[in-house]
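Reviewing the structure listed below.
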Amino acid sequence: MNLEGVGTVDGGRKVTPWRGGNRRGSSYAEAGVSIEAGDRAVELLKPAIRKTRRPEVVGGIGGFAGLFALDTDKYKKPLLASSTDGVGTKLVVAQQMGIHDTVGIDLVAMVVDDLVVCGAEPLFLLDYIACGEVVPERIAEIAGGIADGCRYAGCALVGGEIAEHPGVLKADEYDVSATGVGVVEADELLGPERVQVGDVIIAMGSSGLHSNGYSLVRHVLLGAGRMRLDQVVEEFGNQRTLGEELLTPTRVYAKDCLALIAETDVHAFAHITGGGLPGNVVRALPGGADAVLDRSSWRPQPIFDLIRDKGRVEDGELDRTFNMGVGMVAMLPREDVDRALAVLAARHVDAWVIGEIVSGQGEVRMLGSHPK
């Protein structure tokens, strides 16, 4: 990290000061930027980042860029895959709750699970944290969650940036984003081109809302619904509050999907994020094929019922906005279904057959109703 002129550390991670104002004689501290706080934040991050290290990471702390040595002997024709994303307004809930060590997991999940959809193994990730004030302990919590997510995905956290923006963000406000890079063998690339009529669609259960639809959630539950984040919701069980439910980390599916690829003939994945099942499964369909999904095959978590009931949200809107209990789907030949379900069960992933690929015109058809 650096504050303009201060040496970088941690494989390219740096702190960027706010550049507002040109009054001569002023100090960074007077402008709202603390070099010392940035340095302290970096020191607190180092142990967590070291735990994400992979053998391919080159060098240690101190460079201007994170270095990663791709093993070109391992691949005949490697393709690099890249993805970038954020967490969205789920961060508002984290800031209101004062809980900052889980949104980093959400961030990594949003990036690496997009990478694995094409069959790519996530290799490394760089993060970006913008805040109104660098509070070292808070930054360490956020980045600690990012490091946890990277460990779950098996990728290295090779660097990043902390940008202090006083006057733009309030002292307790922050935003996060990340970019990840993965690799896949060219002839093993997954996608619509491999999907065939007759393929079965397997669903992998979500951990809850994941990281999409929080603007609607906040409007329905915290706004019009007048619920409190510290309010215990009986339907959630175990004296669980609304805030705790809303901050449930996104499940990281990267290793689960890679295990499926190794054990079965997966044709395609779809990561169920914004747009829900209809908006994401359609991206994995070839021309001349539809996906038929059966709502009666699973029951979404109580949080989705709460949103529907409090906001009088129609089923179609729920389907288009939320994952409705499904975080990832795999499309594969019927003869591989039993093996796929066994692999996922061994990895403690709730999975089931949710539908199939039929002749059509590239549409997703949602049939039936969820069990009560």
Side-chain angles (χ1 to χ4, degrees), residues 87-110 113 141 144-145 148-149 152 202-253 256 272-273 276-277 293-315 317-319 321-329 341 344-354 368-372:
V87 177
T89 59
K90 186 172 185 174
L91 294 176
V92 175
V93 179
Q95 290 160 27
Q96 291 175 341
M97 291 282 290
I99 297 174
H100 313 291
D101 60 350
T102 60
V103 290
I105 300 173
D106 294 302
L107 178 62
V108 176
M110 297 299 286
D113 288 340
E141 290 181 38
D148 286 342
Y152 302 156
I202 290 178
M204 298 177 223
S206 72
S207 57
L209 287 168
H210 283 184
S211 300
N212 296 103
Y214 275 76
S215 293
L216 179 57
V217 170
R218 290 166 48 241
H219 171 71
V220 167
L221 301 184
L222 304 180
R226 298 185 178 181
M227 296 185 71
R228 304 186 319 276
L229 290 173
D230 62 355
Q231 179 176 338
V232 173
V233 180
E234 183 179 353
E235 291 83 352
F236 298 160
N238 298 321
Q239 296 297 303
R240 187 171 175 83
T241 67
L242 175 63
E244 290 170 337
E245 177 67 28
L246 296 184
L247 287 186
T248 301
T250 304
R251 174 149 193 150
V252 179
Y253 297 96
D256 305 317
I272 312 305
T273 56
L277 280 161
L293 306 179
D294 182 6
R295 290 191 187 95
S296 69
S297 65
W298 86 101
R299 192 184 192 290
Q301 292 95 325
I303 182 63
F304 299 105
D305 294 332
L306 184 66
I307 294 167
R308 182 194 61 225
D309 297 342
K310 284 286 187 180
R312 290 178 288 187
V313 182
E314 295 181 354
D315 288 344
E317 185 67 16
L318 289 171
D319 286 337
T321 306
F322 304 107
N323 66 61
M324 296 304 293
V326 180
M328 182 76 74
V329 302
L341 292 175
L344 293 171
R347 298 187 62 80
H348 307 290
V349 179
D350 185 21
W352 65 95
V353 173
I354 192 176
S369 300
H370 296 298
K372 298 298 183 181

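Counting only distance, with no hydrogens or angles, the side chain of Trp298 and the backbone of Gly205 share no donor-acceptor pair below 3.5 Å. Between the side chain of Asn238 and the backbone N or O of Arg240, no donor-acceptor pair lies under 3.5 Å.
Remark: Asp101 engages no residue in a side chain to side chain donor-acceptor pair (under 3.5 Å) (not counting sequence neighbours).
Contact of the Leu344 side chain with the Ile202 side chain is registered, since non-hydrogen atoms from C-beta on lie closer than 4.5 Å. Side-chain atoms of Val252 and Asp113, non-hydrogen and from C-beta on, do get closer than 4.5 Å to each other. A heavy-atom distance below 4.5 Å is found between the side chains of Gln96 and Leu229. Looking at heavy atoms from C-beta onward, Arg299 lies in side-chain contact with Asp305 at the 4.5 angstrom threshold. For the pair Leu209/Tyr214, a side-chain contact is recorded, criterion being any heavy-atom separation below 4.5 Å from C-beta on.
Under 3.5 Å, the side chains of Thr248 and Ser207 contain no donor-acceptor pair of N or O atoms.
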Exercise. Would Arg295 and Asp315 satisfy salt bridge (Lys or Arg N to Asp or Glu O under 4.0 Å), going step by step from the backbone distance to the final call?
Worked result: CA-CA 11 Å; Arg295 290 191 187 95; Asp315 288 344; 5.9 Å; no
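With rounding to the nearest 0.5 Å, the separation of CE in Met324 from NE2 in His370 is 4.5 Å.
For the side chain to side chain contact (heavy atoms under 4.5 Å, CB included) with Val233, the lone residue among Leu221, Leu242, Ile303 that qualifies is Leu242.
Counting only residues at least two apart or in different chains, side-chain hydrogen bond (donor to acceptor under 3.5 Å, both in side chains) contacts with residues 217-226 are absent.
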